[in-house]
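Have a look at the structure below, then the notes.
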2 protein chains.
Amino acid sequence: MNFDSKDFLKESLNKMVQFGDEEIKPILDVFTLKKTKKKEIIAQEGKIVDSAFFIQNGALRLFFSEKGTEVTGNISTEGEFLSSHESFFSQIPSKYNVESVEDCILYEITTANFLKIASNNPKVFQVAMKILEQRLSKARETIEMLVTLTPQERYERIMKDNPEWINRIPLNYIASYIGISPVSISRIRNRLFSEK
Amino acid sequence: MNFDSKDFLKESLNKMVQFGDEEIKPILDVFTLKKTKKKEIIAQEGKIVDSAFFIQNGALRLFFSEKGTEVTGNISTEGEFLSSHESFFSQIPSKYNVESVEDCILYEITTANFLKIASNNPKVFQVAMKILEQRLSKARETIEMLVTLTPQERYERIMKDNPEWINRIPLNYIASYIGISPVSISRIRNRLFSEK
């Protein structure tokens, strides 16, 4: 795969809202390539986040600190957009940090450029709506999982839905994401592996 | 308060995105008054939901059925918009029911009318984005609460944030909304009341 090409970004945008080739060009133009290292913090809690990221390769997570421990609010991988959305769209201080879970190849768009291209083409707002809608569905699924499933069932669900996470995402990130203590999640994983 | 006036709706829209008086008129025009009775189901799980509701007066909830019990996914009151958003915007079957928790006075907008007014004025997309953004923030707060707080802390938080719910929202709706069994929530409430 040519990681410097915007073909994957273009394809992902077109999946949400159909654009013509000429129409999508100025949109793709405002995205800039950004390469990050594993564990690099690319947006900080308490500051205004004025970039959103399309993940060409790698994984990002949103997290915040609570009583000295980190709580993961979101994990995103290839083909997904991630930002601290409230901060990006409303320019208020972010409640979250954004961290590279792996070395990443990202395409970055600033709030100012987002507003510029959206004022020229309202379909850009529809893309943003689609992303928010997908995030909201995902957040609702997480809530449902938290209120209806046992810790073991949550772990099984998340691993069924995201089998590639097992080798890519540290277990303690997954633990706080699904509301389980690091000790419990290790126990659950060991039990599941010994059953196989 | 004149319940049949669209002043409150107008004010709520203007809080999200500023409109001129002439500009907002065609937007307000597509909202139609709808009065519903307590316990009335106004949108159904499994069907396409093609209306969104602005709550002029009353309370609505989103819920779904899981293993024979109802799980409340959202509770909204005066000044808020509610729909089964994924279904409303993407016209896919809804995962949720929408129910009147009280007798309600609502203003309803259909998906077709939403798309019509948005194609005439892209600021309407910005309103929709704002609503999705607020929903997403609320969903993330719920997730945070579920993974970081004990059942009693969750109940205290929800009552602090929404003190009017105590007289308006049945306790079992609140229970499933914050992932507590009906028995536990009664016990927590009794304990808190006896401490006062």
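As the structure is a computational prediction, the values presented were derived from the model and not from experiment. Letters A, B, ... mirror the listed sequences (proteins, then strands); counts begin at 1. Computed from heavy atoms alone, side chains included, the values below leave out hydrogens, waters and symmetry copies.
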**Asked** Checking A/Ile180 against chain B: side chain, backbone, both or neither under 4.5 Å from a heavy atom?
**Response** neither
**Flag side-chain contact, heavy atom, 4.5 Å: A/Glu141 against B/Lys95** = yes
**Prompt:** Would you say the side chains of B/Thr148 and A/Lys67 form a donor-acceptor pair under 3.5 Å?
**Reply:** no
Same apolar cluster: [X] and [Y], side chain cutoff 4.5 Å:
X       : Y        : value
A/Phe89 : B/Val124 : yes
B/Val71 : B/Ile178 : no
B/Leu13 : B/Ile55  : no
A/Ile41 : A/Phe88  : no
A/Ile75 : A/Ile188 : yes

For the atom pair [atom1] ([X]) and [atom2] ([Y]), what is the distance rounded to the nearest 0.5 Å?
X        : Y        : atom1 : atom2 : value
B/Leu146 : A/Met145 : CG    : CE    : 10.5 Å
B/Ile143 : A/Ile143 : CD1   : CD1   : 4.5 Å
A/Tyr96  : B/Glu144 : OH    : CD    : 4.0 Å
B/Arg140 : A/His85  : CZ    : NE2   : 6.5 Å
A/Met129 : B/Phe125 : CE    : CZ    : 6.5 Å
A/Lys130 : B/Glu86  : NZ    : CD    : 10.5 Å

**Asked** Has A/Arg157 got more than 12 heavy atoms of other residues, nucleotides or ligands less than 6.0 Å from its CZ?
**Response** no
**Message:** Heavy-atom pairs under 4.5 Å with chain B - which of A/Pro122, A/Ala118, A/Gly73 has more of them than the others?
**Reply:** A/Pro122
**Item:** A/Leu136 to B/Ala139 - nearest heavy-atom pair and separation
**Value:** CD1-CB, 4.2 Å
**Asked** By a 4.5 Å heavy-atom criterion (distance strictly below it), what part of B/Ser90 contacts chain A: side chain, backbone, both, or neither?
**Response** both
